Amino acid sequence: MTTPLPESATAAALRCPLCEQDNACSMAACEDAAQCWCMGMRVSPLALARVASQDRQRRCLCAACAQAAAADI
């Protein structure tokens with residue numbers, strides 16, 4: 001049996017920590033942060049609280065998870 005290689009931090013940064021789908025984060029993709037989808041919407045503190053401590057400040061939510069959590073408010 002083979003052991004999978006650990007995922008790079010860069011690859012992980014491109015995925016939402018809640019659903020593991022592409023988060024479309026401009027900064028993680030080394031693009032202009034001002035163009036990121038999150039700059040145009042308010043992300044709920046409840047959504048951010050659901051992110052595991054080891055992923056905070058390292059991985060961004062996707063728009064769907066940020067919106068779904070905001071709808072729970």
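None of these values were measured; they are calculated from a predicted model.
Remark: the backbone N or O of N23 is paired with a side-chain donor or acceptor of W37 at under 3.5 angstrom.
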Worked verdict on C38 versus C60 for side chain to side chain contact (heavy atoms under 4.5 Å, CB included): CA-CA 9 Å; C38 69; C60 296; over 6 Å; no
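When all heavy atoms are compared, the tightest approach of C62 to C16 is N-SG, 3.5 Å. In terms of heavy-atom proximity, V43 sits nearest to A47 at CG1-CB, 4.3 Å. Taking all atoms of both residues into account, the shortest heavy-atom contact from R56 to A49 is NH2-O, 3.1 Å.
To the nearest 0.5 Å, the span separating SG on C65 from CZ on R50 amounts to 6.5 Å. If you take SG on C25 and CD on E31, they are separated by 9.0 Å, rounding to the nearest 0.5 Å.
Within the 4.5 Å cutoff, no side-chain heavy atoms of D32 are placed close to those of S26. Inter-residue side-chain proximity for R42 and P45 is flagged as met; some heavy-atom pair is nearer than 4.5 Å. In this structure, the side chains of V51 and R59 stay at 4.5 Å or more apart for every pair of heavy atoms.
Atom CD of Q57 has 12 or fewer neighbouring heavy atoms from other residues, nucleotides or ligands inside a 6.0 Å radius.
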